[in-house]
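Values below: all heavy atoms of this structure, side chains included; hydrogens, waters and symmetry mates excluded. In this text the structure is predicted, and so the values were computed from the model without any measurement.
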Amino acid sequence: MKKLILPLILVTILGCSSKQVEQLAIETMDNAKVSITAAETVGARDVAVTEINSATEMLANAESALQAGDVERAYRLALRAYLHARIATEKSLAVRHEAQGKEAQAELELQQQATEEVLNNLEKLRAELAAKNK
């Protein structure tokens, strides 16, 4: 992500033409749309409501700013929308991975209990066998 942000900021700082900034704003809005869709796909509406709502709102504001001719504002808002969507995606994935980890932990504990029961039964059988053989 840092690799994407730094060049975008440098291009803007170096004073590219208005047309280039407009193209950059449009591309960033497209990236934000894709990121919002990806975030929604992984369940961001359930987990990261604030971030996904912020991203959606910022994208709408970016589109309005671009239509009003405020290209730099459109770019900044689109970039922020993209970043909020990425945060929502990562939060959703983190929650999903955490749930999977807890589920795996519970499964492991059940398997350990089952193993202990089998070992206890084996030990009882050995004791019974040893008592019969005496």
Hydrophobic cluster identity match, [X] and [Y], side-chain contacts under 4.5 Å:
{"X": "V47", "Y": "I87", "answer": "no"}
{"X": "V42", "Y": "I36", "answer": "no"}
{"X": "Y75", "Y": "L83", "answer": "yes"}

### Query
Does atom CD of Q100 have more than 12 heavy-atom neighbours from other groups under 6.0 Å away?
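Result for CD/Q100: enclosed.
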Please tabulate, for the side chains in residues 52-61, all donor-acceptor contacts under 3.5 angstrom to protein atoms that are two or more places apart in sequence or on a different chain.
{"from": "N53", "atom 1": "OD1", "to": "R45", "atom 2": "NH1", "distance (Å)": "2.7"}
{"from": "N53", "atom 1": "ND2", "to": "V49", "atom 2": "O", "distance (Å)": "3.3"}
{"from": "S54", "atom 1": "OG", "to": "T50", "atom 2": "O", "distance (Å)": "2.9"}
{"from": "T56", "atom 1": "OG1", "to": "I52", "atom 2": "O", "distance (Å)": "2.8"}
{"from": "N61", "atom 1": "ND2", "to": "E57", "atom 2": "O", "distance (Å)": "3.4"}

### Message
Checking E107 against Q111: is there a side-chain donor and acceptor pair closer than 3.5 Å?
### Response
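Short answer, yes.
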### Message
Testing the 3.5 Å rule here: is there a donor-acceptor pair between the side chains of Q67 and E63?
### Response
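Side chains of Q67 and E63: no pair found under 3.5 Å.
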Rounded distance [0.5 Å steps], [atom1] in [X] versus [atom2] in [Y]:
{"X": "K102", "Y": "Q105", "atom1": "NZ", "atom2": "CD", "result": "11.0 Å"}
{"X": "R86", "Y": "E90", "atom1": "CZ", "atom2": "CD", "result": "5.0 Å"}
{"X": "S92", "Y": "H97", "atom1": "OG", "atom2": "NE2", "result": "10.5 Å"}
{"X": "K124", "Y": "L119", "atom1": "NZ", "atom2": "CG", "result": "12.5 Å"}
{"X": "R76", "Y": "T28", "atom1": "CZ", "atom2": "OG1", "result": "12.5 Å"}
{"X": "E22", "Y": "I26", "atom1": "CD", "atom2": "CD1", "result": "4.5 Å"}

### Query
Checking side chain to side chain contact (heavy atoms under 4.5 Å, CB included) for the pair T115/Q112: CA distance, chi angles, key distance, verdict?
CA-CA 5 Å; T115 301; Q112 286 175 335; 5.5 Å; no
### Query
Below 4.0 angstrom, N of the basic side chain to O of the carboxylate: do E128 and K132 qualify?
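No, no charged N to carboxylate O under 4.0 Å.
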### Task
May I have the step-by-step check of side chain to side chain contact (heavy atoms under 4.5 Å, CB included) for N120 and E117, ending in yes or no?
CA-CA 5 Å; N120 289 337; E117 288 177 20; 5.6 Å; no
#### Entry: Heavy-atom closest pair, residues A78 and A62
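In terms of heavy atoms, the two residues are closest at N-CB, 3.7 Å.
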#### Entry: Closest contact, heavy atoms only, A81 versus A32
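Scanning both residues, the minimum pair turns out to be CB-CB, 4.0 Å.
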### Residue of the set L66, L24, V34 for which side-chain contact (heavy atoms from CB on, under 4.5 Å) holds with M29
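Answer after filtering L66, L24, V34: L66.
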### Task
Taking the side chain as every heavy atom from C-beta outward, state whether L93 and R96 have any pair of such atoms under 4.5 Å apart.
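Answer yes - side chains close enough.
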